[in-house]
Peer 1: 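This is the structure I have questions about; it appears just below.
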Amino acid sequence: MADIDDKTAAEAFRRLVSHLQMRDDAQNVDLMGLAGFCRNCLADWVSEASDGALDRKAAREAVYGMPYETWKARQPEATPDQLARMDASLALNARLRGEG
C-alpha cells in the first residue's frame, strides 16, 4: 500500500463506500463468504483508524449511509448455505493471518 498516496486511497475508499451503499442487494453474509469482509468490518476498520473520533455506531452509519438498524431490518435472513460460506471464509482469513 506504500505505493498509493493518501489522497488516492481516500478517494478510492469513498468510491468503495458509495458503491456498497448503492449495492444494498449484496448482503454482508455474501460479502463475508466471498471476500472475507463486509460493511461491518469496514466500519470497524474506520472506527479503529479514527483514534476515537468515530465510535463503532458512527462508523457504521457512515459506511451504510443510514443507521445500521435500518439497513439490517431491510435485509433477509441468511440461509444455512450463506452462513456456511461465511464460516469457511472466516476460517481462511484466520489461516492466512497465521491464527489457525
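On a predicted model such as this, the values are computed, not experimentally measured, just so you know. We count residues from 1, following the sequence as given.
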Peer 1: With rounding to the nearest 0.5 Å, note down the distance linking OG1 in Thr70 to CD in Gln75.
Peer 2: 11.5 Å

Peer 1: Could you list the residues that satisfy salt bridge (Lys or Arg N to Asp or Glu O under 4.0 Å) with Asp87, not counting sequence neighbours?
Peer 2: none

Peer 1: Holding to ring-ring contact (aromatic ring centres under 6.0 Å, His included), I want the full list of residues that pass it with Tyr64, two or more places apart in sequence or in another chain.
Peer 2: Tyr68, Trp71

Peer 1: Excluding sequence neighbours, so at least two apart, what forms side chain to side chain contact (heavy atoms under 4.5 Å, CB included) with Leu92?
Peer 2: Arg95, Leu96

Peer 1: Could you work out, with salt bridge (Lys or Arg N to Asp or Glu O under 4.0 Å) as the rule, every residue matching Arg97, not counting sequence neighbours?
Peer 2: Glu99

Peer 1: Can you sort out the partners of Thr79 under side chain to side chain donor-acceptor pair (under 3.5 Å), two or more places apart, ordered by chain and number?
Peer 2: Gln82

Peer 1: Looking at residues at least two apart in the chain, or sitting in another chain, which of them share a side chain to side chain donor-acceptor pair (under 3.5 Å) with Arg39?
Peer 2: Asn28

Peer 1: To the nearest 0.5 Å, what is the distance between CD (Gln27) and SG (Cys38)?
Peer 2: 11.5 Å

Peer 1: In this structure, would Val63 and Leu31 fall into the same cluster of hydrophobic residues linked by side-chain contacts under 4.5 Å?
Peer 2: yes

Peer 1: State which residues pass ring-ring contact (aromatic ring centres under 6.0 Å, His included) with Phe37; sequence neighbours excluded, sorted by chain then number.
Peer 2: Trp45

Peer 1: Can you name the residues that form a side chain to side chain donor-acceptor pair (under 3.5 Å) with Asn93, not counting sequence neighbours?
Peer 2: none

Peer 1: According to salt bridge (Lys or Arg N to Asp or Glu O under 4.0 Å), who are the partners of Glu11, at least two apart in sequence or on a separate chain?
Peer 2: none

Peer 1: Verify the cluster assignment for Leu83 and Leu34: are they in a single hydrophobic cluster under the rule of side-chain heavy atoms below 4.5 Å apart?
Peer 2: no

Peer 1: Going by side chain to side chain donor-acceptor pair (under 3.5 Å), name the pairs with one or both residues in residues 47-63, residues two or more places apart or in two chains.
Peer 2: Asn40-Arg60, Asp44-Arg56

Peer 1: So which pairs with a foot in residues 74-100 pass ring-ring contact (aromatic ring centres under 6.0 Å, His included), sequence neighbours left out?
Peer 2: none

Peer 1: For residues Ser89 and Ala35, report the shortest heavy-atom separation together with the two atoms involved.
Peer 2: OG-C, 4.2 Å

Peer 1: Any chance you could lay out the side-chain contact (heavy atoms from CB on, under 4.5 Å) test for Val17 and Val46, step after step, and finish with the verdict?
Peer 2: CA-CA 11 Å; Val17 169; Val46 167; over 6 Å; no

Peer 1: Please list all pairs meeting side chain to side chain donor-acceptor pair (under 3.5 Å) that have one or both residues in residues 14-23, counting only residues at least two apart or in different chains.
Peer 2: Arg23-Asp25

